[in-house]
**Q** 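A single structure is presented below for examination.
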Amino acid sequence: MSLWVDKYRPRTLDDLHYHEELSSRLRSLAASGDFPHILFYGPSGAGKKTRIMCTLRELYGPGVEKLRIDQRVFVTPSNRKLDVNVVQSNYHIELTPSDVGMYDRVVIQDILKEIAQTQQVDLNAKQRFKVVIINEADALTRDAQAALRRTMEKYMNNMRLILCANSTSKIIAPIRSRCLLVRVAAPTDDEMSKVLHHVAKKERFALPSPACQSILASSSGNLRKALLVFEAMKMQKPDLSGGDIEVAKPDWETYCTKVADSILQEQSAQRLLDVRGKIYELLSHCIPPTVVMKTIAERLVDKVDDTLKPQIIHWAAYYELRMRMGSKKIFHIEAFIAKVMTVYKQFHLMGFIEDYE
Amino acid sequence: MSTFAPRPAAGMNAIDPRLQPWVEKYRPKTIDDVSSQEHTVAVLRKALLSTNLPHMLFYGPPGTGKTSTILALARQLFGPDLFRSRVLELNASDERGISVVREKIKTFARETPRHSTTVSSDGKTYPSPPYKLIILDEADSMTQDAQSALRRIMETYSRITRFCLVCNYVTRIIEPLASRCSKFRFRPLAQGSTQARIEMIAHAEGVNAEDGVLPLILELAGGDLRKAITYLQTAQRLHSATEPPTPISSISIHEISGVVPDDVITQLLNVMGVDRESGIDLSLSTGFEGVRTAVKRVGREGWSAGQVLEQIHDALIPLPTIPAVQKSIAAMAIAECDKGLCEGGDEELQLLECCLRVKEAMERQ
């Protein structure tokens with residue numbers, strides 16, 4: 001039995017519930033035979049991947065849904081072996097080169113050249129080109145992106161690229177100027193509730209509006225999250241009635257809130273040590289450090305005095321950046337917490353805040 | 001020779017001209033076709049006449065015709081027959097580590113070119129000078145080691161091989177290499193010549209555009225001809241695919257180029273206490289929560305923080321009524337945020353921080 005997210009994922013462009021204009025645009029592009037390279041960008045859970053798969057189906061028909069997973073081995077110039085998981089059908093190939101970190105350039109060079117230099121053999125195929133989907137394109141290194149540049153122009157007749165990213169800021173300008181930029185905005189609350197009601201109808205029950213409201217509030221535009229929460233809620237309380245519907249928050253989120261609260265309760269070296277233990281626990285459960293820091297900062301900002309809010313955001317941004325550049329994440333989260341404690345204590349004992357820097 | 005894939009010659013691997021990117025289709029065929037860059041073209045024309053070529057280093061912002069110029073020059077020098085055997089083009093998509101420099105480039109550089117007939121298959125006569133040309137495109141992404149390995153090769157085989165390095169940032173080319181080349185700077189294209197080129201392409205392709213679309217494209221491209229041509233082609237694709245085909249509108253150009261609509265920017269400026277016309281107006285600002293909601297909206301709608309920042313800068317800095325001190329603080333905040341984004345900081349946090357600092361600056365008396 002699959003999750004609702006997968007079960008009710010739209011398969012064709014006609015099934016999509018929102019961004020109708022975008023769907024019709026994609027449909028006409030797929031039909032025109034002159035398909036450009038595309039860069040899809042937007043927040044997570046907005047439906048980028050769903051749209052990509054729908055477009056592919058529009059291009060090639062149901063054959064694209066016959067997927068197989070391969071493990072490919074690439075060899076770097078320094079003779080290191082890299083294993084990369086590749087999902088492919090007869091018509092397209094999907095990979096996440098950023099999985100191999102700084103060696104992503106090798107993967108890009110090898111796989112694109114291979115695809116680009118072979119022609120489509122299936123005579124029944126609707127299109128002459130193959131499609132390469134690159135996930136997390138904004139996590140590609142500069143080198144890997146530079147390697148894409150000429151390839152994109154040179155091998156246009158055998159291959160099209162579809163890049164999928166959260167933001168275009170980290171994509172270098174030459175790539176951006178070679179792609180059709182497609183923005184997939186997160187659905188509005190109305191659109192989300194439409195989707196939720198659609199799923200409820202398919203599952204043959206009615207979704208009461210307070211429950212719907214609380215799902216929307218907790219998922220803030222992330223449709224995947226909303227559907228997962230929805231299903232979890234249904235499992236817990238099959239009738240979904242009553243005003244006291246509690247959205248089950250993920251454990252780590254509650255844990256982060258607890259951390260934030262304990263920072264505000266007491267500011268001492270001992271407390272910092274306690275918090276450190278908790279942060280370690282979060283990190284060892286594979287919660288991304290950026291998410292931890294952001295969640296803590298959000299909670300802190302909700303609780304403190306107005307004058308302190310910009311300070312907390314400033315230090316969160318400052319240490320988050322350092323965390324990306326450094327290698328050991330815990331140092332920077334700790335530094336952030338220590339800084340917040342200082343600022344908070346100073347403000348409460350002496351009633352002033354120091355300038356930045 | 002899998003990595004040395006020559007440009008598809010006509011007839012061989014011919015692309016349906018309808019599907020070809022216009023950037024490739026309308027690449028200048030001779031150096032006289034190159035838009036603006038009069039100085040460079042004049043020097044190269046001399047070189048073409050005397051068939052003597054120095055080592056060259058082309059640098060300048062993207063889309064100014066660096067690659068086009070050298071390819072056109074090579075084609076004029078050698079003609080279609082010799083092009084494959086005399087020209088080696090390597091770019092960042094090819095492996096260019098130190099081993100490739102030592103093996104492939106060196107092997108190619110030391111072969112003595114074969115003597116050739118002067119009349120080419122297409123009936124024209126080409127100078128076909130007795131040397132080969134190695135084009136290293138996007139040379140600024142070569143490693144330092146690979147660049148140093150080139151030094152001696154360039155000198156030893158200078159009798160039979162010329163190098164042309166093409167890059168965006170001349171500072172990333174190590175000094176010893178740069179001093180061995182004659183440098184050509186490519187300036188961002190002037191409005192006039194880009195306009196002529198775009199109009200020519202639009203005419204040749206039968207583009208149907210509303211009034212003011214072509215100037216808008218040029219404005220958004222900012223001197224980058226490739227960007228302008230790509231915008232035009234993408235827009236044409238979108239609009240000719242609809243039933244019935246519609247003329248290109250300025251809205252779709254905005255959408256294609258990823259420019260953030262004005263109302264999003266206006267809202268951000270307002271919550272920071274800035275009015276687009278009259279300057280500082282603190283009554284518009286709605287405190288910390290206002291900024292936070294506005295920034296969250298930007299993230300939710302999927303706009304890229306870098307682009308938003310650029311547009312805030314363009315709207316805020318020219319306002320005459322904001323005092324210099326406030327303006328400098330705001331500029332500093334924007335600059336730091338941009339640095340943060342470049343280094344991979346979290347978009348939402350960085351943008352939020354920047355907006356809060358600008359807001360604080362505006363509240364200063």
**Q** Roughly how far, to the nearest 0.5 Å, is the OG1 atom of B/Thr143 from the CG atom of A/Asp143?
**A** 9.5 Å
**Q** Among the options A/Gly42, A/Ala297, A/Gly221, pick out the one with the most heavy-atom pairs lying under 4.5 Å from chain B.
**A** A/Gly221
**Q** What distance do A/Ser28 atom OG and B/Arg237 atom CZ have between them, rounded to the nearest 0.5 Å?
**A** 12.0 Å
**Q** Does CD in B/Glu363 sit with more than 12 non-hydrogen atoms of other residues, nucleotides or ligands closer than 6.0 Å?
**A** yes
**Q** Look at B/Gly344, B/Ser257, B/Ala221 and state which one has the largest set of heavy-atom pairs under 4.5 Å with chain A.
**A** B/Gly344
**Q** Could you give the distance from CD (B/Gln350) to OH (A/Tyr318), rounded to the nearest 0.5 Å?
**A** 12.0 Å
**Q** Determine the option with the most heavy-atom pairs under 4.5 angstrom with chain A, choosing from B/Glu348, B/Lys227, B/Lys339, B/Glu343.
**A** B/Glu343
**Q** I need the B/Ser141 OG to A/Arg105 CZ distance, nearest 0.5 Å.
**A** 8.5 Å
**Q** Non-hydrogen atoms of chain A under 4.5 Å away: do they reach the side chain of B/Asp224, the backbone, both or neither?
**A** neither
**Q** Select one option (side chain, backbone, both, neither) describing which atoms of A/Lys170 are under 4.5 Å from chain B's heavy atoms.
**A** side chain
**Q** Tell me whether B/Glu138 is salt-bridged to A/Arg149, with the criterion being a basic N under 4.0 Å from an acidic carboxylate O.
**A** yes
**Q** Do A/Arg183 side-chain atoms and B/Trp303 backbone N/O form a donor-acceptor pair below 3.5 Å?
**A** no
**Q** With a 4.5 angstrom heavy-atom cut-off, which part of A/Ala31 approaches chain B: side chain, backbone, both or neither?
**A** neither
**Q** So, the side chain of A/Arg324 versus the backbone of B/Gly345: is there a donor-acceptor pair under 3.5 Å, distance only?
**A** no
**Q** What part of B/Glu347 lies closer than 4.5 angstrom to a heavy atom of chain A: side chain, backbone, both or neither?
**A** side chain
**Q** When only pairs under 4.5 Å are counted, which of B/Glu289, B/Glu301, B/Lys359 shares the most heavy-atom pairs with chain A?
**A** B/Glu301
**Q** Has B/Arg297 got more than 12 heavy atoms of other residues, nucleotides or ligands less than 6.0 Å from its CZ?
**A** yes
**Q** When heavy-atom pairs shorter than 4.5 Å are enumerated against chain A, which of B/Gly306, B/Gly340, B/Ser304 gives the highest number?
**A** B/Ser304
**Q** So, for A/Ile313 and B/Leu349, which heavy atoms are closest and what is the spacing to 0.1 Å?
**A** CG2-O, 4.3 Å
**Q** Roughly how far apart are A/Thr307 OG1 and B/Phe288 CZ, rounded to 0.5 Å?
**A** 11.5 Å
**Q** Can you tell which part of A/Ser24 gets under 4.5 Å to a heavy atom of chain B, answering side chain, backbone, both or neither?
**A** neither
**Q** To the nearest 0.5 Å, how far apart are NZ in A/Lys294 and CG in B/Leu352?
**A** 9.5 Å
**Q** Quick test of your reading of the model: are B/Lys296 and A/Glu298 salt-bridged, counting only N-O distances below 4.0 Å?
**A** yes
**Q** Can a side-chain donor-acceptor contact be found between A/Thr168 and B/Gln307 if the only test is distance below 3.5 angstrom?
**A** no
**Q** Would you say A/Glu320's side chain and B/Asp346's backbone share a donor-acceptor pair under 3.5 angstrom?
**A** yes
**Q** For B/Arg226, which atoms come within 4.5 Å of any heavy atom of chain A: side chain, backbone, both, or neither?
**A** side chain
**Q** Looking at B/Thr230 and A/Arg178, would you say the former's side chain and the latter's main chain have a donor-acceptor pair under 3.5 Å?
**A** no
